[in-house]
Amino acid sequence: MTVRIYNTLHNRKEDFIPTEDGKVKMYVCGPTTYNYIHLGNARPIVAFDVIRRYFAYIGYDVTYVQNFTDVDDKIINRANEEGIDPKDLAEKYIAAYFEDADRLGVKRADVHPRVTEHMDDIIKMVQGIIDNGLGYEIDGDVYFEVRKFKGYGKLSGRSLDEMQSGARIAVDEQKRDPMDFALWKAAKPGEPAWESPWGMGRPGWHIECSAMSSKYLGKTFDIHGGGADLIFPHHENEIAQSEGCNCCKSVNYWIHNGFITINSEKMSKSLGNFFLLRDILDKFPGPVVRFYLMSTHYRSPLDFDDKKLEASAKSLERIWNAYRLTEEKLALLEKQEGADSDAPEKLSAITTETRKKFKDAMNDDFNTSLALASVFDLCRDVNSIVNVQGFSGGADTIAALKGVLAFFGELNEVMNVIVPQEEKGDDLSNELLNIIMAMRTKARAAKDWGTADYIRDELKAIGIVIEDAPDGPRWKKEK
RNA sequence: GGCGCUGUAGCCAAGCGGUAAGGCAGAGGACUGCAAAUCCUUUAUGCUCCGGUUCAAAUCCGGACAGCGCCUCCA
């Protein structure tokens, strides 16, 4: 079965057909690095991380490019406020971006190009647009002439005339049309500037993505992603630039994620109702936040509050418990002799079925919510097989349990939250805990419930949870 | 004003014409010294409302109501 993708260009789901067999070339708009990223920024980062991981999982060779906008009005303003060099400011927040993304389990892109390192490519593209008769220069500024580009508006589904009637844009007198946008801006005093055929200046906002995507992925590539608020004008303009310069279709599939909302209102920097990702990550582990972001389809709005993250934490715990239970059962069985039952066949049937459901869900426009439902089904089935009283087994059962753990690992390649991260402490504290657990076991044997419960309560207070499982007591760290 | 999205149980959320997945919370039961974890059972004659098409609609069409987004920097 092929992957189906909701393509903003045609407002419908379409079969994914790569430009080159077996390969996926995708570009996602990255952050403007003038601040720490907020939760809303995290959504596309995770959504497209999952998409890219999924393509790799089903055998595609994926090239993933995500840019950093490191020259921009906001960066310059902010740097001026702080009295530092814009370059240093951008570097600081790029480093912070990677810290945040790492905590969310996001894989690095194959290339993270920066605007400041691609001035030649950008200038070349602006020149190409001018040479094709779609750009014009006035006093060091270069504009794209939208009226000259047939098909302007095809992504956002608007016509120039409709937009102008209700537009709230200030008309710049020197532009030929109010909708014309800047490809190159003449330098103002005190701003970073680069040499160009039109004098010192810097790129407009949109041209960077056109220049860098075609440089790394080719003139025509498969997937371009970003937030839904980028559809217009950013992505519309990208199409105009890329196709206006290269004279061929630039992107086959446009994918846009929905917004994170607070009380049903869009979370955004301009509204001021945003939460910094790192602040949330200080309250909830990365995998919990990642799971929360994947629990809703990427195109739907996702409302945020702490309660939802708490529910996500509990849901995730359920998956992790199933994994641990299997792990412990396996360890137990490896130490004792036993005979195989029908467990191996059942376990293998379950993984086969789950793998199919998981893929079907993901193939249908990356339906992570449905895909996770199949994982929960898997957990329930595995738990019920493994947790029966007196469950034992021989070589086949042991192999099947190993297979289940491997399957969790397989799913983890895509979701990256299925397998619990190792949370054991250092050797010394593990040894001490084992001694304490042994003391408690003695107390319980002597029916000294007071001591046993005291130990359990005190450990709970420092984040160690004791469970007296049928196979014996075990401990784990909370969350 | 133009374009577009959304409305499913207490909460979150799948579903895209064939008779309501999954998670959280709740109830009952098994297991347990008590818990925890786990399992079993249970929780929407109904999917904002009103019409229509169809043998069949949460799903398609029309209308109403409510909420939201883009059209301006924004993921």
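The chains referred to below are lettered A, B, ... by the order of the sequence lines, with proteins before strands, and numbering in each begins at 1.
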Go through it in stages, so that I can follow the logic: the residues are Tyr216(A) and Asp110(A), the test is side chain to side chain donor-acceptor pair (under 3.5 Å), and I'd like the CA-CA distance, side-chain angles, deciding distance and then a yes or no. CA-CA 10 Å; Tyr216(A) 292 103; Asp110(A) 297 296; over 6 Å; no

**Q.** Rounded C1' spacing from A58(B) to C49(B) in Å
**A.** 14 Å

Going 5' to 3' through nucleotides 13-23 of chain B and flagging B where a protein heavy-atom sits under 4.0 Å of the base, S where only the sugar-phosphate is that close, and - otherwise, we get SSS-----BSS

| Nearest-Å distance once atom C1' is located in both A21(B) and C12(B) | 14 Å

Pairwise C1' distance for G63(B) and U53(B), with rounding to whole Å: 15 Å

Testing the 3.5 Å rule here: is there a donor-acceptor pair between the side chains of Ser156(A) and Arg158(A)?
yes

Side-chain N or O of Lys307(A) less than 4.0 angstrom from OP1 or OP2 on A25(B)?
no

### Query
Would Phe304(A) and Phe275(A) count as a close aromatic pair, with their ring centres under 6.0 Å?
yes

Review point. Is it true that Asp73(A) and Arg78(A) have a side-chain N and a carboxylate O under 4.0 angstrom from each other?
Key: no

Exercise for the section: For U43(B) versus C50(B), give the span between their P atoms, rounded off to a whole number of Å. Expected result: 25 Å

Shortest non-hydrogen pair, Leu333(A) vs Ile398(A), comes out as O-CD1, 3.8 Å

Protein-nucleotides 31-34 of chain B N/O pairs under 3.5 Å:
| residue | atom | partner | partner atom | Å |
| --- | --- | --- | --- | --- |
| G33(B) | O6 | Arg444(A) | NE | 3.2 |
| G33(B) | N1 | Asp453(A) | OD1 | 3.0 |
| G33(B) | N2 | Asp453(A) | OD2 | 2.6 |
| C34(B) | O2 | Arg456(A) | NH2 | 2.8 |
| C34(B) | N3 | Arg456(A) | NH1 | 3.0 |
| C34(B) | N3 | Arg456(A) | NH2 | 3.2 |
| C34(B) | N4 | Arg456(A) | NH1 | 3.4 |
| C34(B) | N4 | Asp468(A) | OD2 | 3.2 |

### Task
Identify whether any heavy atom of Gly225(A) sits under 4.0 Å from a base atom; if not, whether one sits that close to sugar-phosphate; answer base, sugar-phosphate or nothing.
nothing

When all nucleic acid strands are considered with a 4.0 Å heavy-atom cut-off, which category describes Leu230(A): base, sugar-phosphate, or nothing? sugar-phosphate

- Message: Under a 3.5 Å cutoff, is there a donor and acceptor pairing between the side chains of Tyr97(A) and Asn41(A)?
- Response: no

Q. Looking for any heavy atom pair under 4.0 Å, which part of the strands does Asn321(A) touch: base, sugar-phosphate only, or nothing?
A. sugar-phosphate

| task | Could you tell me how the ring of Phe232(A) sits relative to the ring of Tyr152(A): parallel (under 30°), tilted (30 to 60°) or perpendicular (over 60°)? | result | perpendicular

